[in-house]
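Numbers here are sequence positions counted from 1. Both counts, for ligands and for their atoms, begin at 1 and track the order of listing.
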Amino acid sequence: MSARVNMHHIAKRAKVSLGTVSHVINGSAAVREPLRQRVLEAINSLGYQPSQLARGLRRDYTNMIGMIIPDITNPFFPALVRAAEDVAYSHLYRLVLCNSDNDPQKEGFYMSELQSYLPAGLLVIPAAGSGLREQPVRNGRPTPMVCIDRKPEGWKGDMVRADNEGGAYAATQHLIDHGHRRIATIAGPQHLTNAQERLSGFRCALKEAGVRLPPEYVVHGQFDRKSGLEAALRLLRPPSRPTAIFAGNDLMAMGALLAVRELGLRCPEDVSIVGFDNLEVSELLQPSLTSVQQPVYRLGSTATELLVQRITGLNDASREITLETELIRRNSVIRNSAATQTQGRKQRVPASQ
Ligand code: RIB
């Protein structure tokens, strides 16, 4: 069996020094173009495959960025991951993705597993109840890490998120401006900071407008469609049925739309609904969903740019970057005065009750 091709073979074939080969492969110093071409031709003809692992061992980190997210099947996350990969790629880093399933234990497992592969840095969208508190340390040196979208309790490192509170405030204000006074919310999981911030924006808009919020108008879901459906079925029971619902994300808003149908009601005529995230599919729903747009791609790209700066030596105090949201007005909200309430109309009893 022939010996594994290494840098010595390339140096010999290209008739250059070992140092020149190393500079071309590692980009560690400028090499004159004719020499660089000779090295590249030698690499090609010998079929040399550089080992990132060997390079990583020499530097104590590889060109890999580890990314842990809750769940790639949730349609909110793909654009964010795509942005992270685009930025990582443009800076010659490679992205490795792990799903925590929103389970802090699985998140912890992936954290230490990724660390053992000597990553250049880490991007994390923390799980609900995440145990992350500070930058992880490997061999006495902190591994650069940026949290995105949700802030773990006590986290003091870099953080990039959307203006959850402002977005929720604008969504609620929109309902108030449309004459609604019986406004309920399906808030996200209580232990997630983004869910807390959205609930706080909702409360604040109602308070400022002097709109009463009965305690039963605040129910919690799990940021998924099923819990949105269950929560809305509870909220929409007469006699205190709200005329509008602000859902903490679009998946729960979709669940609320299903509940409206299951109860024989109509959106927006009987119940107006606003979501949060502005998923691509939300425009295609019937009716199209009014929703707060998060700058999803920019969340990923901003966080990854910041991480790359940290990897390459940016050393100032940790940063917390908040990106603006925008209310996208569609057809799921109607003026309350024009709403044809289903008074007297018989409601269907849902199968699940
Ligand atoms: O649907 C996923 C939700 O959880 C989004 O609202 C996003 O902010 C994430 O944290």
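Regarding atom 8 (O) of ligand 1, its nearest protein heavy-atom neighbour is Arg198 NH2, 2.8 Å. Counting only heavy atoms of the protein, atom 1 (O) of ligand 1 lies nearest to Asn249 ND2, 2.8 Å. Protein heavy atom at the shortest distance from atom 2 (C) of ligand 1 is Asn74 ND2, 3.2 Å. Of all protein heavy atoms, the one lying nearest to atom 4 (O) of ligand 1 is Arg150 NH2, 3.1 Å. Given atom 10 (O) of ligand 1, the protein heavy atom at minimum distance is Asp149 OD2, 2.3 Å.
Using a 4.0 Å cut-off between charged side-chain N and carboxylate O, Glu230 and Arg234 make no salt bridge.
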(request) I would like to know whether Met7 and Tyr48 meet side chain to side chain contact (heavy atoms under 4.5 Å, CB included); could you show each step before the answer? (result) CA-CA 8 Å; Met7 291 208 273; Tyr48 175 69; 3.7 Å; yes
(request) List the steps, then state whether side chain to side chain contact (heavy atoms under 4.5 Å, CB included) holds for Thr185 with Val219. (result) CA-CA 6 Å; Thr185 187; Val219 291; over 6 Å; no
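Within the 4.0 Å heavy-atom shell around ligand 1 one finds Phe223.
Residue contacts with ligand 1 for Asn164 are absent, since no atom lies close enough (heavy atoms, distance under 4.0 Å).
No more than 12 heavy-atom neighbours from other residues, nucleotides or ligands sit within 6.0 angstrom of CD on Glu324.
Phe276 carries Arg198 over the face of its six-membered ring, with the cationic atom under 6.0 Å from the centre and within 45° of the normal.
Applying side chain to side chain donor-acceptor pair (under 3.5 Å) to Asp177 and the options His180, Gln173, His174 leaves one that passes, Gln173.
Near Asn194, meaning under 4.0 Å from any of its heavy atoms, are these atoms of ligand 1: 7 (C), 8 (O), 9 (C), 10 (O).
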